[in-house]
Structures are given as structure tokens and as C-alpha cells.
Amino acid sequence: MDKSKYIVTSALPYAEAIPHIGNLVGSILPADIFYRYIRFLKGEDAIFICGSDQHGTPIEIQAYKKGVEPKELAYSMHNKMKELFERFNIAFSYYGYTDSEENKRTVYEIFDSLYKNGYIVETEIILPFCKYDNKVLSDRFVIGKCPYCGFDDARGDQCDNCGRLLTPDQLIDPRCNICKRNDIEFIKSKNLAVNLTALQDQIKDFIEANKDHNWSKAAVNKSLSYIKEGLKPRDITRDIEWGFPVNLKGYESKRFYVWFDALIGYIGITKQYLKERYVDYWKDRSTKLIQFMGKDNIEFHALLWPGILIGSKSGFILPYTIKSLEYLNIKGGKFSKSRGKGINIEQALDIMDSDYWRFILAYIMPETADSEISVEIIEEAVNSILNNKIGNLFYRVLSIAKRDSIKNLNIVIDDKAKEYIKRYEELMDKIEIREALRLVMELADITNSYINDKRIWDIRDKDKLIEILNELLGRLYAIAVMLYPFIPSFSQYFLGVIGVDDLKIESIANRAISIKLDSIKIPFSKLNQEQIDKLKERLE
RNA sequence: AGCGAAGUAGGGUAGCCUGGAGUGCCCGCCGGGCUCAUAACCCGGAGAUCGGUGGUUCAAAUCCACCCUUCGCUACCA
């Protein structure tokens with residue numbers, strides 16, 4: 001890759017509940033792995049931006065249920081998530097939040113620019129209003145008879161019987177699902193929208209110009225397909241309480257909708273981090289903006305977001321890469337709060353340390369298709385791969401050195417190691433994370449095989465043994481560096497043992513090392529029964 | 001319903017764009033080896049009508065059509 005600046009982002013987790021490991025593997029973890037690679041292994045000028053998405057209806061409702069202010073809930077959740085991500089060893093340059101003053105100013109500036117440039121239009125939606133509760137109802141709080149199949153308890157967004165999508169006003173005899181009365185009136189509400197129709201050609205040009213930068217196939221196909229159908233104005237305001245008030249006369253009672261201020265949050269959070277120097281990244285044309293997100297977020301990042309940036313004409317860079325990931329499912333279904341299935345990141349850390357989870361999740365990362373997590377798959381990843389393959393390889397080599405008290409070595413990076421480093425870089429540059437990890441596992445396999453072939457435990461000639469250990473330690477060094485983005489704690493432990501504190505790939509070369517023989521320990525362990533039981537409880 | 005993505009040995013994946021013997025990898029299983037290592041590691045083997053049907057072609061996992069199944073989006077659920 002060329003020398004240039006990078007902004008790596010992960011979709012902002014919503015501050016309603018603790019994210020589950022599916023959320024983590026879908027954007028934050030791959031972003032972290034890629035960021036660690038370009039920042040620490042390649043030494044590029046890169047920042048990793050993420051934060052809590054704090055506004056919107058669900059938080060408002062959740063807070064209302066708990067009897068607290070939305071703001072209070074949003075901030076306590078933010079603090080909780082921030083702490084958990086730290087424990088997960090996520091190397092954010094800054095983990096901010098969308099309710100900040102910095103973000104508010106940015107939202108207003110960008111909105112003003114869009115308005116001034118003529119890209120804001122008014123839309124009208126029809127909202128169900130319950131006269132008894134004196135409340136605007138969200139679509140699914142209205143129930144009634146389905147106009148298609150006659151099912152009596154169809155919800156306002158979808159009929160559970162025939163599966164058709166509905167709008168509340170289509171329901172026959174609509175009633176409120178809170179008070180169960182049929183005292184519903186449909187009122188009209190005007191909102192503001194970004195006129196994506198007017199920006200469509202420019203958005204298309206943007207996609208065509210960037211789609212070859214390792215975009216996920218789904219991201220390209222889906223966004224081009226939307227454009228082919230024709231983009232419609234996208235609402236950015238709503239009739240809710242919790243959020244930034246709209247700064248336009250006549251609309252002060254409205255709030256900016258989450259998909260406006262959360263996207264702009266990438267910029268707002270960078271301002272929290274770098275203050276006015278945020279322009280060094282966001283307005284420097286050489287910066288590559290690499291964005292990670294779940295597949296459900298593609299249209300917002302590939303269409304609305306560039307539309308906002310282009311329409312504001314403020315000189316912000318556009319996304320360089322849109323890397324969407326598929327979903328991680330539990331065997332037999334989705335992560336489900338209602339069924340109480342799934343593992344949130346707090347529960348996950350209660351069972352295993354972050355390196356284990358990071359490894360498992362990278363090993364099954366749903367990059368090209370949905371993937372499945374189960375106790376069996378976790379056992380495979382931890383026991384057979386991480387422990388037996390990687391952990392054992394490191395330990396068996398170091399044990400030989402310890403047995404013969406061989407401390408000082410002049411390690412050699414052999415052709416095999418060089419070949420794998422090169423292939424690893426090619427994959428990581430293309431952001432093929434899971435394949436890169438599997439490639440490193442392959443080098444571990446080859447190295448295990450090499451040890452058996454050479455029967456290093458039988459070698460009595462010390463010079464001969466040292467010669468081979470030089471090569472093997474070279475392999476381990478290369479493997480440890482390549483694993484750093486995935487399992488940073490382990491890498492740092494091993495580099496500490498050989499007294500090297502340089503993570504750069506270009507530094508992987510022949511050099512003298514000194515092994516701290518006393519620090520040698522078994523790096524990983526298999527799952528114990530207690531851990532398996534806990535996993536079963538969450539996943540089966 | 002429309003639009004995207006996916007369906008390859010018991011499980012998981014790669015290959016598909018740019019057709020050329022089911023070619024590969026990981027786990028599991030079976031047999032053997034080794035004993036440095038955490039019952040670990042190494043070698044060998046069995047196991048697949050490549051979701052289905054039809055078509056194009058000398059040749060289809062790969063291209064085309066239709067169908068089945070799963071997931072996501074379709075604008076207040078982020």
C-alpha cells in the first residue's frame with residue numbers, strides 16, 4: 001500500500017444494551033485487527049475512530065421504562081461499553097460518543113451546508129396518534145386487521161401471519177397496543193430529508209471510483225442496485241425527544257434522526273479526539289477512510305453518508321473502502337434477546353480472556369457469508385488450533401532451548417517465513433482477515449512438521465541444534481508479529497520472552513536475541529469443564 | 001412481494017469473476033509413527049451425485065434460465 005494517512009472506523013455501537021459478540025465480530029473486531037496491522041505492523045499514520053451512538057427512539061423508550069432520563073442511560077451505557085472494549089483489547093485511538101458538543105456543532109454545520117446548497121427537502125409522513133395516551137405511536141405499537149390476509153393481530157409494520165410489510169394506516173380497525181383502545185387518529189408530520197435523488201449521480205460516481213478498493217461484494221452490488229432503482233430523499237429528522245434539536249426555523253421541535261448524527265459522529269468523535277486538528281485527516285485528500293460495518297449498515301454508509309459529505313461541499317474526504325461483514329449466528333438461529341441466547345461481551349470476558357475470544361471470532365469471521373458459532377466450533381478454535389497448534393509449537397521450541405540452556409541466538413528469517421510474510425501482507429492489504437489468520441496457521445503447521453522431520457530433540461551436536469533453533473525462532477518471531485493484530489497479548493508476551501519490542505513487519509530480519517528462559521510458560525490452555533458449561537448455557 | 005448475499009465430504013471453509021478430471025485447506029474420524037511439547041506433534045487413509053431441474057459447451061462447482069432453502073435490507077429498529 002502507498003504511504004498515506006488512514007482513518008479506520010467501526011460502525012458505532014448503539015448505547016441501548018451491551019453489544020453481543022456478533023456485534024463485535026461484525027465491525028469493531030475486524031476494524032481493530034486491520035487498524036493494528038496498518039498502524040503497528042506497517043507503521044502507517046492511522047487513527048481508529050469509534051464511539052457510542054447515543055440518540056434515538058429505542059434509548060428513549062428504554063430510559064422511559066427504567067424511569068431515568070435518556071441522557072443518563074446513554075452516558076452510563078457509554079461508560080460501560082468503553083470499559084468493556086478496553087478489556088477486549090480494542091485499540092481505539094479514541095472512543096467517543098455522539099451526544100458531544102463537538103458532534104452537535106458538526107451536525108449543525110453540515111446540516112447548514114446541505115440546506116444552503118439546496119439538498120434539504122421536506123417530506124411528509126403519516127403518524128398514528130393515540131388520543132387516549134396522547135402519544136405518537138411507533139408503527140409496531142399499532143395493531144389491527146391485516147388488509148391482505150385478514151389476520152386480526154397484525155402489527156403496523158408487518159403482519160405476523162402472512163409476512164407482508166404494512167404501514168399503520170393500511171390496518172383495518174387500527175388500535176393502540178398500549179391502551180388497547182381504537183382511539184387512533186392519523187396525523188401528518190413534516191420532516192426534513194437529504195435529497196439523495198439530486199445527489200444520485202455524484203454518489204454513483206463515488207461508488208464507481210472507489211468500489212475496487214477492497215469493498216465487500218455485497219456493498220458494491222447492493223448500493224449499485226439501489227441506485228439503479230433510483231434513490232429517494234432520506235429523512236434525517238423525527239418527532240422524538242432525545243437527540244439534537246433541528247436548527248432550522250419551524251422545525252425546532254424535531255430532532256435529528258440517528259442516521260444523520262451517527263454517521264457525522266465519525267467526524268464529531270475525531271474532533272473530540274484531535275480538536276481542530278481533525279482536518280489533518282478529514283480534509284486531507286490523501287487520507288484513506290476505511291469503514292467497517294455489518295451488512296445491515298451498507299446503504300447508510302455507501303449511499304446516505306457519501307451523499308451527506310458530497311452535498312455539504314465542505315471538503316470532507318469520502319469513504320475509500322466500505323467493508324461490510326455478514327452475520328454471526330448461533331447454531332439454529334440468531335442471537336436473540338427474547339430467547340435469552342447469545343453472549344454479550346461482558347459475559348464473554350467472564351468465560352475467557354480477550355485473546356481467546358479474539359482468536360475464535362477471527363477464525364470464524366463472517367467475511368463472505370453468515371457464519372455460525374457453537375460450543376463445538378469454539379472448542380475447535382481454542383483446543384485444536386490456538387492451544388494445540390500455536391501454543392504447543394511455541395512451547396515445544398522454547399522448551400528445547402530451555403532444556404539445553406540456550407539463551408543467545410542469532411535468529412534467521414528463512415525463505416519459507418519470508419514467503420508467508422509476503423502472502424500475509426497481500427491478504428491483509430486486501431482486508432481478508434480470516435484468510436490471513438488461516439495463512440499464519442498454515443505456517444505453524446509447516447513448522448511443526450519441520451520440527452518432526454528434523455527430530456530436533458535428538459540433535460546432540462549443540463552447534464547443529466543452535467543452527468536449527470535460529471531458524472525456528474525466526475519462524476516464531478514472524479508468526480508472533482503476524483498474530484499481533486489478532487491476539488495482541490500473546491504476541492507481546494512472546495516478543496517479551498525473546499526481548500524484541502518491534503512489531504514492524506519490515507523489522508522482521510536476522511538479528512541477535514536473548515531468550516528469557518525463566519519467562520517461558522505454556523501460553524494457552526484448553527477449555528475446562530466450567531467454561532464449556534457456561535458456553536453451553538449461553539449458546540444451546 | 002421487491003432488491004442484495006449465501007447453499008461444496010460429519011462440521012467449517014477455499015475454488016466460481018477469467019469453464020478443463022472434485023482440486024485444496026482446517027476440525028472431527030480410522031490406521032501408523034514419534035516422544036521435545038499441554039494425551040501434544042508428524043505421516044497415511046476413508047468420507048462429496050459441488051442445493052435441485054433444465055440449458056450452453058468437446059468439457060460446468062464454475063456460464064445461462066427456472067425452482068427450493070437460509071440470512072439481510074425495504075425508511076423510526078439501530
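Proteins get letters first, then strands, A, B, ... in listed order; numbering begins at 1 in each. Scope of the values below: all heavy atoms of this structure, side chains included, with no hydrogens, waters or symmetry mates. Just so you know, these numbers come straight off a predicted model, no measurement behind them.
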TODO: Would you indicate, yes or no, if B:C27 has its OP1 or OP2 atom less than 4.0 angstrom from a side-chain nitrogen or oxygen of A:K389?
DONE: yes

Task: Candidate nucleotides B:C41, B:A75, B:C26, ranked by approach to the side chain of A:N448 - the nearest - done: B:C41

Task: Shortest side-chain distance from A:I400, nucleotide among B:C3, B:C36, B:A14 - done: B:C36

Open item on the list: Does B:G28 have OP1 or OP2 under 4.0 Å away from a side-chain N or O of A:S384?
Closed with: yes

TODO: Establish whether the base of B:C41 is bridged to the side chain of A:R396 by a donor-acceptor pair shorter than 3.5 Å.
DONE: no

Task: Any A:T368 side-chain N or O less than 4.0 Å from OP1/OP2 of B:A6 - done: no

- [ ] Any chance you could list the contact pattern along nucleotides 62-68 of chain B? Use B for base contacts, S for sugar-phosphate-only contacts and - for none, protein heavy atoms under 4.0 Å, 5' to 3'.
- [x] -------

TODO: List for me each residue that meets side chain to side chain contact (heavy atoms under 4.5 Å, CB included) alongside A:R460, sequence neighbours excluded, and say none if there are none.
DONE: A:R403

Task: Pair of N/O donor and acceptor under 3.5 Å linking B:C41 base with A:N452 side chain - done: yes

Open item on the list: Within 45 degrees of the ring normal and closer than 6.0 Å to the centroid, is that where the cationic atom of A:K521 sits relative to A:Y493?
Closed with: yes

- [ ] Assign A:K228 to base, sugar-phosphate, or nothing according to its heavy-atom contacts below 4.0 angstrom with the strands shown.
- [x] nothing

Open item on the list: Tell me if the side-chain of A:N387 makes a donor-acceptor pair with the base of B:U38, cut-off 3.5 Å, by modelled atom types.
Closed with: yes

Open item on the list: Applying a 4.0 Å non-hydrogen cut-off, can you work out what A:E442 is touching in the nucleic acid: base, sugar-phosphate, or nothing?
Closed with: nothing

Using atom types as modelled, flag every donor-acceptor pair under 3.5 Å from a side chain in residues 221-233 of chain A to any protein atom, sequence neighbours excluded.
unit_1: A:S223; atom_1: OG; unit_2: A:A219; atom_2: O; d: 2.3
unit_1: A:S223; atom_1: OG; unit_2: A:V220; atom_2: O; d: 3.4

